[in-house]
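Data first, discussion second: the structure below is written as structure tokens.
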Amino acid sequence: MITLGIESTAHTFGVGVVKNGKIISNVKNSYITEKGGIIPIEAANHHRNVKEEVYYKALNEAKISEKEIDIISISQGPGLAPCLLVGMNFVKDLSKKLKKPVVPVNHCIAHLEIGRLTGSKDPLMLYVSGANTQVIAYASGKFRIFGETLDMGVGNFIDSFARYVGIGFPGGPKIEELAKKGKSYIELPYSVKGMDISLSGILTNLKQKFDSKNYKIEDLSFSLQETVFSMLVEISERSLAHTGKKELLLAGGVACNSRLQEMCKKMCEERNAKFFCPEKQFLVDNGAMIAFTGEIMFKAGIYYPPSKINDLDIKPRQRTDDVEVKWRKRNLF
Ligand code: AMP
Ligand code: MG
């Protein structure tokens, strides 16, 4: 069985191909900006321009022709509506042309399911990307959100600070490099609220400290990472304790950060939990995770046949716990 997966929720247009649970290609093209964040209409134009090229490249790498595709899966949400529409229209046209069913996949859930490749089975996922920051785990028929950011995603938070100090986008990798050179810890607000975190006050504080010219950017970057990653590790650890899960899975672009990985690993060692971190191509947005999850969902009978394809729509504000998870064994934690 061959499944195609299309990802277009934000800056990345990705196409992946999966054959019976094995990734046989994963191609993407991402919209980047010189200055400033994502402009949704521009990102959508980018996706429109590259979609054919990415699609055929993915088929070539998988060494298949499009006639061999059995199932098409699509990242239905959450995400930016103009970007999601490019993927959805592409998939609808393809489904009509090839007469194949379409599986609608939740983007956040795909980040979790692709963790199976690393050996994780029933993880608590710390999902840290540009727009999303959530702690998610399966319980009683759904992937439930145990903690999340109350204002902005941790990636956007880091990028906003980076932009403010003039080091461009994406700021994450650059802040990580600066942080390695930081020597002294500067006290910042530590903002955990129950199981949730809040970042906007810390951003304001960092900007004020930067403007005062009393601090080195290396020390500010170091302190940013130590503070905010500790907050993420704290809510993850509390969620592990609460759910009784024995695995922590990292996902999202910020999970590329080696200091965050190190802190999570240490916490897991201390409480005898297993730590999983997929390779980079699956941490960031990608089509392979959509195909991989689509195949699993199709087997559970979740799909739109070509005759019903017009009922399918994007879900820009879909929450992880809106989705009925029929493909996992129902358990209480
Ligand atoms: P995503 O939305 O999952 O594609 O992730 C993009 C976000 O990941 C951006 O906000 C980046 O700044 C951030 N990011 C990428 N690499 C790193 C890194 N090494 N450390 C921290 N953040 C990172
Ligand atoms: Mg993502």
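Numbering of ligands and ligand atoms starts at 1, following listing order. Worth saying up front: this structure is predicted, and the values here are computed from it rather than measured.
- Each of the atoms 15 (C), 16 (N), 17 (C), 18 (C), 19 (N) of ligand 1 lies under 4.0 Å from some heavy atom of Pro173.
- The pair Arg319-Glu148 meets the salt-bridge criterion, with a side-chain N (NZ, NE, NH1 or NH2) lying under 4.0 Å from an Asp/Glu carboxylate O.
- One finds an angle of 90° at the Mg ion (ligand 2) between NE2 on His111 and NE2 on His107, to the nearest 10 degrees.
- Near Gly252, with a cut-off below 4.0 Å to any heavy atom, the atoms of ligand 1 are 3 (O).
- Met297 is not listed as a side-chain neighbour of Glu113, based on a closest heavy-atom distance of 4.5 Å or more.
- When the heavy atoms of Pro170, Ala255, Gly172, Ala251 are ranked by distance to atom 22 (N) of ligand 1, first place goes to Gly172.
- Residue-level check: among N/O/S atoms of Asp285, OD1 sits closest to the Mg ion (ligand 2).
- Ion pairing of Lys19 with Glu295 is absent here, as no side-chain N (NZ or NE/NH1/NH2) approaches a carboxylate O to less than 4.0 Å.
- Note on Lys265 versus Glu269: no salt bridge recorded, every NZ/NE/NH1/NH2 to OD/OE distance being 4.0 Å or above.
- Among the backbone and side-chain atoms of Tyr127, an N, O or S atom lies under 2.8 Å from the Mg ion (ligand 2).
- Ranking protein heavy atoms by distance to atom 13 (C) of ligand 1, first place goes to Val254 CG2, 3.9 Å.
- Checked against a 3.5 angstrom limit, the closest N/O atoms of Val284 and ligand 1 fall outside it.
- A donor-acceptor contact closer than 3.5 angstrom links the side chains of Asn29 and His46.
- Listed by number with element, the atoms of ligand 1 under 4.0 Å from a non-hydrogen atom of His11 are 1 (P), 2 (O), 4 (O).
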Show every donor-acceptor pair shorter than 3.5 Å between a side-chain atom in residues 157-174 and any protein atom, with sequence neighbours excluded, or say none if there are none.
unit_1, atom_1, unit_2, atom_2, d
Asp159, OD1, Gly171, N, 2.8
Ser160, OG, Asn156, O, 2.7
Tyr164, OH, Asp211, OD1, 3.3
Tyr164, OH, Asp211, OD2, 2.7
Lys174, NZ, Ile167, O, 3.0

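- Protein heavy atom at the shortest distance from atom 20 (N) of ligand 1 is Asn257 ND2, 3.0 Å.
- Using a 4.0 Å cut-off between charged nitrogen and carboxylate oxygen, Lys245 and Asp122 count as a salt-bridge pair.
- Ranked by closest heavy atom to atom 16 (N) of ligand 1, the top entry among Gly130, Ser258, Gly171, Gly253 is Gly253.
- Using 4.0 Å as the threshold, Gln225 has no heavy atom nearer than that to any atom of ligand 1.
- Inclusion of Cys108 in the first shell of the Mg ion (ligand 2) is not supported: no N, O or S atom falls under 2.8 Å.
- Looking only at protein heavy atoms, the nearest one to atom 19 (N) of ligand 1 is Glu176 OE1, 2.7 Å.
- For ligand 1, none of its N or O atoms has an N or O atom of Ala131 under 3.5 Å away.
- Using a cutoff of 4.0 Å between basic side-chain nitrogens and carboxylate oxygens, Glu247 and Lys121 are not scored as salt-bridged.
- For the residue pair Tyr185/Thr227, the side-chain donor-acceptor check at 3.5 Å is satisfied.
- Look at Arg259 and Glu226 and you find a salt bridge, because one of the NZ, NE, NH1 or NH2 atoms lies within 4.0 Å of a carboxylate O, short of that distance.
- With sequence neighbours left out, Asn132 forms a side chain to side chain donor-acceptor pair (under 3.5 Å) with Tyr127.
- Of all atoms in ligand 1, numbered sequentially from 1 with element shown, those under 4.0 Å from a heavy atom of Gly155 are 10 (O).
- With respect to atom 10 (O) of ligand 1, the closest heavy atom belonging to the protein is Asp159 OD2, 2.6 Å.
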